[in-house]
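Notes follow once the structure below has been shown.
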Number of protein chains: 2
Amino acid sequence: MDLLKKKINEEGVVLSDSVLKVDSFLNHGVDPHLMDAIGEEFAGRYGEQSITKVLTIESSGIAPGLMAALKLGVPMIFARKRQSLTQSEGLITSKVYSFTKKEENTISVSGKYIHKGDKVLIIDDFLANGQAAWGLIELAEKAGAEVAGVGIVIEKSFQDGGEILRKKGFRVDSLAQIESLEAGRIRFKEVKAAEANLS
Amino acid sequence: MDLLKKKINEEGVVLSDSVLKVDSFLNHGVDPHLMDAIGEEFAGRYGEQSITKVLTIESSGIAPGLMAALKLGVPMIFARKRQSLTQSEGLITSKVYSFTKKEENTISVSGKYIHKGDKVLIIDDFLANGQAAWGLIELAEKAGAEVAGVGIVIEKSFQDGGEILRKKGFRVDSLAQIESLEAGRIRFKEVKAAEANLS
């Protein structure tokens, strides 16, 4: 997705060989027009898949997830990392280890909002080792729903999360794939049309 | 806002005299079409105010904040309740006590994204005692920005947060004002046109 890659090139800050900071437009500051375009792109890719729910995780998944849900005309549900005091009945949980924050979170959704018969599009901001994606897949599957695919804004292709998901048979659509952050330089992966899931 | 009130009446769950659960469309499950209408409503009310940024707080403020920012054509920034490992320089912080979660959070924004010259519209999902709103106002003011107003999806008018903000001279636009949750019943406040800020 060219608009996204342009933004990453212009505003992304390489903090190390593995950390890309994009908090001017995705993780803290949010560019609503870019999110609109991202939602449109996901909806275009999954428009024929009879998606019934978009599932994401707080906080940085909410903006792209909301726009994808809006364009697909379905509700969004965001999994919580911490339990709310007003949220207790029928909770489905999964454990997710965050390498960035070096802690394990129990993420949860209410079984009232995702259930058998749902066809779920999972959306998240980043895909690196895949921990959050697997946690969301587990939530959806525990709820009895089918996972249609995983839509990612930025995939760090030099980490193996995306590869493992694809090998396990999940459809993964990443709007930007980063091959390397070495030497402070952002290098995008060249994606062949055949594997780009642009059908 | 009639669409919102209808949704609250149909799906809101009164958990006690002070707690209204709306996690089917705002706090956990999110209705993108309602968020779109909410964004439109805020943009209509603040369209003439030369807003330069929308400021909200994770997680439940992000969806209405994003849609308001999209319709106003400005960036959104969401304050974080916990510091990110990749976010350290130029942080502006404020302390907020959550009565719901019974804990104090240090909320923060990067001074890179809000600064002198900005005219900020603050958006949040709920206004009860006003702690989060004051925290966001403090962040904006510490950053040197001007606060144009506080846009709230649901105000609990039986708590004094909104009254205090208005008495201190802040413009507060609440799309639904709840007068009472007593006896398990949701009663909306009748808002006179003159005080409704519909200009």
Side-chain angles (χ1 to χ4, degrees), chain A residues 13 15-16 19-25 27-36 39 53-88 91 98-103 108-110 112-114, chain B residues 13 15-16 19-25 27-36 39 53-88 91 98-103 108-110 112-114:
Chain A
V13 179
L15 292 186
S16 72
V19 180
L20 173 70
K21 186 169 160 172
V22 289
D23 73 354
S24 70
F25 62 87
N27 296 131
H28 177 42
V30 179
D31 178 335
H33 287 289
L34 179 63
M35 295 305 125
D36 192 67
K53 305 276 165 65
V54 167
L55 175 63
T56 187
I57 184 161
E58 60 181 351
S59 292
S60 297
I62 295 176
L66 178 71
M67 296 314 297
L70 179 68
K71 308 287 177 175
L72 286 164
V74 300
M76 177 189 79
I77 297 93
F78 64 89
R80 289 194 170 271
K81 286 176 182 164
R82 294 199 297 169
Q83 273 181 241
S84 154
L85 294 190
T86 65
Q87 187 194 41
S88 48
L91 268 200
S98 164
F99 288 95
T100 325
K101 296 191 175 170
K102 295 181 182 33
E103 62 183 23
S108 61
V109 290
S110 164
K112 279 204 293 189
Y113 306 129
I114 295 200
Chain B
V13 179
L15 292 187
S16 73
V19 179
L20 174 69
K21 185 170 161 170
V22 288
D23 73 356
S24 70
F25 61 87
N27 296 132
H28 177 43
V30 179
D31 179 335
H33 287 289
L34 179 64
M35 294 305 125
D36 191 68
K53 305 275 166 69
V54 167
L55 175 64
T56 187
I57 183 162
E58 62 180 351
S59 291
S60 297
I62 295 176
L66 178 70
M67 296 314 297
L70 180 68
K71 308 287 178 175
L72 286 164
V74 301
M76 176 187 80
I77 296 94
F78 64 91
R80 290 194 168 271
K81 286 176 181 164
R82 293 198 297 168
Q83 274 181 241
S84 155
L85 295 190
T86 64
Q87 186 193 42
S88 49
L91 267 199
S98 164
F99 287 97
T100 324
K101 297 192 175 171
K102 294 178 183 37
E103 64 182 23
S108 60
V109 290
S110 164
K112 281 204 291 188
Y113 306 128
I114 296 200

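Within every chain, numbering begins at 1; the chains are lettered A, B, ... in the order of the sequence lines, protein sequences first and strands thereafter.
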Next on the checklist: Between D31(B) and chain A, with a heavy-atom cut-off of 4.5 Å, which part of the residue counts as in contact: side chain, backbone, both or neither?
Outcome noted: neither

Next on the checklist: If we define contacts as heavy-atom pairs under 4.5 Å, which of D36(A), I62(A), L55(A), V13(A) has the most with chain B?
Outcome noted: I62(A)

Next on the checklist: Counting heavy-atom pairs under 4.5 Å with chain B, which one of A63(A), S59(A), S60(A), G73(A) comes out on top?
Outcome noted: S59(A)

Checklist entry - So M67(A) and L66(B), side chain to side chain contact (heavy atoms under 4.5 Å, CB included) or not? Walk me through it. => result CA-CA 9 Å; M67(A) 296 314 297; L66(B) 178 70; 3.8 Å; yes

Item to check | Atom pair CZ (F78(A)) and CG (N27(B)), whose distance is rounded to the nearest 0.5 Å | outcome: 6.5 Å

Checklist entry - Given a strict heavy-atom distance threshold of 4.5 Å, which part of M35(B) is in contact with chain A: side chain, backbone, both, or neither? => result side chain

Item to check | Heavy-atom donor-acceptor pair, H28(B) side chain to A79(A) backbone, under 3.5 Å | outcome: no

Item to check | Nearest atoms (heavy-atom pairs only) where A69(B) meets P32(A) | outcome: CB-CG, 3.6 Å

Checklist outcome for this item: Cut-off 4.5 Å, heavy atoms of chain A, and the answer for S24(B) is both

Item to check | Contact winner vs chain B - L70(A), L34(A), L72(A), heavy-atom pairs under 4.5 Å | outcome: L70(A)

Item to check | Gap separating the CD atom of E58(B) from the NZ atom of K81(A), nearest 0.5 angstrom | outcome: 8.0 Å

Checklist entry - Among E103(B), K53(B), K112(B), which residue forms the greatest number of heavy-atom pairs with chain A at distances under 4.5 Å? => result E103(B)

Next on the checklist: Does any backbone or side-chain atom of V74(B) lie under 4.5 Å from a heavy atom of chain A? Answer side chain, backbone, both or neither.
Outcome noted: backbone

